[in-house]
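Read the structure below first, then the notes.
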2 protein chains.
Amino acid sequence: MTLSPDAAPARRLVPAIERASAVMDLLAGSSRPLSLSEIARAAGLAKSSAHGICETLSALGLLRSEAAGYAIGPHALRWSAAYLGRTSLISEFEALLASDDALRSATTTLSVLSGRDVVYLACHNSDRPLGFTFRAGERLPAPFTATGKAMLSALSETERQALLAGDWPAPLTPASVPDAARFETQAARWQTLGYAIDDGEVREGMVCLGAAVRDAQGRPVAGLATSFTSAEAAGDERAALGRAVAALAHRLSAHRPLPD
Amino acid sequence: MTLSPDAAPARRLVPAIERASAVMDLLAGSSRPLSLSEIARAAGLAKSSAHGICETLSALGLLRSEAAGYAIGPHALRWSAAYLGRTSLISEFEALLASDDALRSATTTLSVLSGRDVVYLACHNSDRPLGFTFRAGERLPAPFTATGKAMLSALSETERQALLAGDWPAPLTPASVPDAARFETQAARWQTLGYAIDDGEVREGMVCLGAAVRDAQGRPVAGLATSFTSAEAAGDERAALGRAVAALAHRLSAHRPLPD
DNA sequence: GAATAATGTTCAATATATTGAACGGTTGCC
DNA sequence: GGCAACCGTTCAATATATTGAACATTATTC
């Protein structure tokens, strides 16, 4: 039962499938459709290979062919819906939040680890104006986010260090934790505190407090975070929110195992 | 600019990618993880081929390997998020609904055609208790759903008949339209009426009224529907809801082109 | 308008993915 | 316990996907 299938050692892989996925990732990360030639260049493929891949993905509905090039198509929604539908975690998250006074005025998110990113599964939006939101499927580097910090801190040191080995993600702000060694120092702090703090590491002026949802063996299987601006809560109020998100994570952790 | 990339003629396809997608679809349609052997049998593949595909998809995070077998993983959420994020249609849908008194007490959905299915992009839930909901990515056969009926009715007869050629989908209820010929009769009616009616074709006792969102050339690019129980609205009230959903679709149709 | 650059598409040689068979291990039945 | 059935994994022969080149078309530059 592995927390992160993305970290599995490479073995018996089918590069054609990897290439298709890489093309999908490329287009998912692009704000506009890309032409076949752009895709071939960016993916380091022969144009004719890229042509075959894109035509196939188009025929499958995974991509859409537009006048301006190829863009992501609707078919992956089917897989996402299946993934999200297999867990009761989201509905429980939403049900618990509906009755949680402490977290109602903040944005609260639910995410899972995927490789070294967190992937957001659900977002309960603040009822305040000009709130910010996450869409299911959006990703951020785990070491900078409160949910990522909480989940990573709940891993064994060996596991965490293996997961974070290699190139450190590019910082999102000057406050982003700069390397694995500093992360280890932080992790010890979050373990003691019971929740993790992202103070401007993802977005300057924003504070996120995160806690891990655990399965029956105590392994982190999801993360929760509540987010607010630096101006909105300080000191004791901030600590109270941290305890509230830890309590919510604890309630969600009850009677697991989760689909992990 | 094609409405439905899934209907593109077959050409230069890469079967390895098709097989990977078929495995994903298989697992997306399964309520439990499937073992490698089950996947191989269901997909008609050699076990070792299925092994390579599943290991690769697992390494990519598209699948997850569990004790009970393989299940869908979180990676496709990234592609879904990209697809949903590229259209302003959803936020416009939500903004218009926030100020629409006529549709507030019903469940209202936004969907697109994908092959012969509709794929739901967004669902504005009724504020009534025990409401039903759709998750982004869920699919239903287009000919039975109000959004699908509306979109199909807005296609040219040639296009519609080409799209609906072949095996008719299995009916979901005894009221489901039984074949293409009967659908053509219905389509003429919806064109005249301005909105389409699913009266118990998807779920007995439920009525859905749908209308198409059109691009600048008048082509249907999305569908809206409002849903309620048979007991909740009849006669004039039902017609008023139909007109409301048609009006909403018309407002969403304004100043397109859409990401089609 | 002409020349150049770039595009998307097609096609046989090369690289690869799939296949069937084999294997060791596990499970269920008698 | 023995046997059959089944599982997941590995591996060389066969089927395939990718490649580089060629080509026709389109777009850009002068």
Query raised in the report: A:V14 side chain: which of D:dT18, C:dT18, D:dC11 is closest?
Result: C:dT18

Report task. Kindly write out the residues that satisfy side chain to side chain contact (heavy atoms under 4.5 Å, CB included) with B:L96, not counting sequence neighbours, or none if the list is empty. Result -> B:L248, B:R251, B:L252

Query raised in the report: What nucleotide among C:dT19, D:dG20, C:dT18 has an atom nearest to a side-chain atom of B:A16?
Result: C:dT18

Query - Minimum-distance nucleotide (side-chain atoms of A:I53 versus D:dT18, D:dT10, C:dT18) - result: D:dT18

Report task. Could you tell me which residues satisfy ring-ring contact (aromatic ring centres under 6.0 Å, His included) with B:Y120, sequence neighbours excluded, listed by chain and number? Result -> B:F134

Query raised in the report: Which word best sums up how the rings of B:W79 and A:W79 line up, parallel for under 30°, tilted for 30 to 60°, or perpendicular for over 60°?
Result: tilted

Report summary line: salt bridge (Lys or Arg N to Asp or Glu O under 4.0 Å) filter on B:R160, not counting sequence neighbours, yields B:E184

Query raised in the report: What residues in residues 18-45 of chain B put a non-hydrogen atom under 4.0 Å from any atom of DNA chain D?
Result: B:R19, B:S35, B:L36, B:S37, B:R41

Report task. Tell me whether the OP1 or OP2 atom of D:dG8 has a side-chain N or O from B:H51 closer than 4.0 Å. Result -> no

Query raised in the report: Of the candidate nucleotides D:dT19, D:dG8, C:dG20, which contains the atom at the shortest distance from the side chain of B:K47?
Result: D:dG8

Query raised in the report: Quick one: B:L63 CG to D:dG8 P, roughly how many Å, whole number?
Result: 14 Å

Report summary line: Residue set satisfying salt bridge (Lys or Arg N to Asp or Glu O under 4.0 Å) with B:R32, at least two apart, ordered chain then number -> B:E38

Query raised in the report: Who passes salt bridge (Lys or Arg N to Asp or Glu O under 4.0 Å) against B:E157, sequence neighbours left out?
Result: none

